[in-house]
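The structure appears below as structure tokens.
Ligands are counted one by one from 1 in listed order, and the atoms in each one are counted from 1 as well. Being a predicted model, the structure only gives us computed values, none of them experimental.
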Amino acid sequence: MFVCAGLAAPKELKNTVMPKDVNKIRVIDSHTAGEPTRVVVDGGPDLGVGNMAELRDRFEEKAHWLRTALLSEPRGFEAMVGALLCEPTDPKSAAGVIFFNNSGVLKGCIHGTMGLIKTLEFMGRISTGSHDIETPVGTIKAELREDGSVSVTNVPSYRYLSNVEIDVEGFGKVLGDVAWGGNWFYLIEGYGPEIKLINLKDLSSFSIAAMEALEVANILGDDGSKIDHVEIFGPPSDPVKSDSRNFVMCPGGEYDRSPCGTGTSAKLACLYASGKLGPDQIWRQGSILGTVFEGEVMPLEDQKVIPRVSGRAWVNGETNIVIDPSDPFRFGIG
Ligand code: PYC
């Protein structure tokens, strides 16, 4: 049986209900190309029944505590992405999932999906082959390959706006594209600090300032959503291994250690829309760490594409989280 069940819920913090009793939450940790994912496999909150979009809304109302308990210090750290394993609505699906990070619930998360697939394999629930995963933005297919890599077929992705000018405080005018790849992205090339780990602080301030500029200018996705990811591109660190290197700022002020699967999907959609990537070509997107996702597109109507993004994830931990009522930081700091 899947989870989404367990903790009763009296109240405490703003915007949430907190469990009262001492409880254990079982998590399995992994990383995908350097980016961590913590999957809750037992002892999570009871969100009732529904599709993943409905469960995500309930999670937002009721389970703020789970995010802080798992992802904030002293147990977690800010870059960690959480995933609540849920009962799928269709029994043929391998799982339902809700992804969340230090700032809230995420729409899509491809690196997390790769981590989830390796977690389900680790638990003995799936083996190699294709698996449907239900997410709040739609059902996606993930293939666990014989060589251990995972290939995720994402939701339809598209460039919504091109050459959008923003005024980034401290940096000046910047041009970028707005695209959907399972999250909303503003994609920048040719502006900002060089994409190197040594420039992490400057890259972070530049991308956060760009996100603020988008908000000030009221530039939104076509569904009215905030553009909450900024992706900066530069030349590859090693042209033999990748075609480009990126830096991705996520909501919550942490950068993606991986090349970001939804960000790679948004990039693929932009490349396709500008005639730079065809259906038979592979795009190798490098991350700031030098890890790589491979992407390809299946064209749809109206310049939209279905992206397929492949990469590697490794399970690296299995833990029982203890929530002790006498611990002032049992639900994390902050
Ligand atoms: O891989 O799609 C992704 C992702 C989104 C946020 C962090 N990683």
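The backbone N or O of Gly332 lies less than 3.5 Å from no partner atom in the side chain of Arg75, so there is not a single donor-acceptor pair.
For the pair Asp256 and ligand 1, the shortest N or O to N or O distance falls below 3.5 Å. For His229, no nitrogen or oxygen atom sits less than 3.5 Å from a nitrogen or oxygen atom of ligand 1, counting backbone and side chain alike. Between Cys260 and ligand 1, not a single N/O pair is under 3.5 Å apart. Taking only nitrogen or oxygen atoms, main chain and side chain alike, Asn183 does not reach within less than 3.5 Å of ligand 1.
To the nearest 0.5 Å, the span separating CZ on Phe99 from OG1 on Thr113 amounts to 3.5 Å.
Per-residue contacts place Gly261 under 4.0 angstrom from the following atoms of ligand 1 (heavy atoms of the residue considered): 1 (O), 2 (O), 3 (C).
The local environment of CD in Glu54 is crowded, with over 12 non-hydrogen atoms from other residues, nucleotides or ligands closer than 6.0 Å. For Ile198, the CD1 atom is loosely surrounded, since the number of other residues' heavy atoms within 6.0 Å does not exceed 12.
Ion pairing of Asp147 with Arg312 is present here, as a side-chain N (NZ or NE/NH1/NH2) and a carboxylate O approach within less than 4.0 Å.
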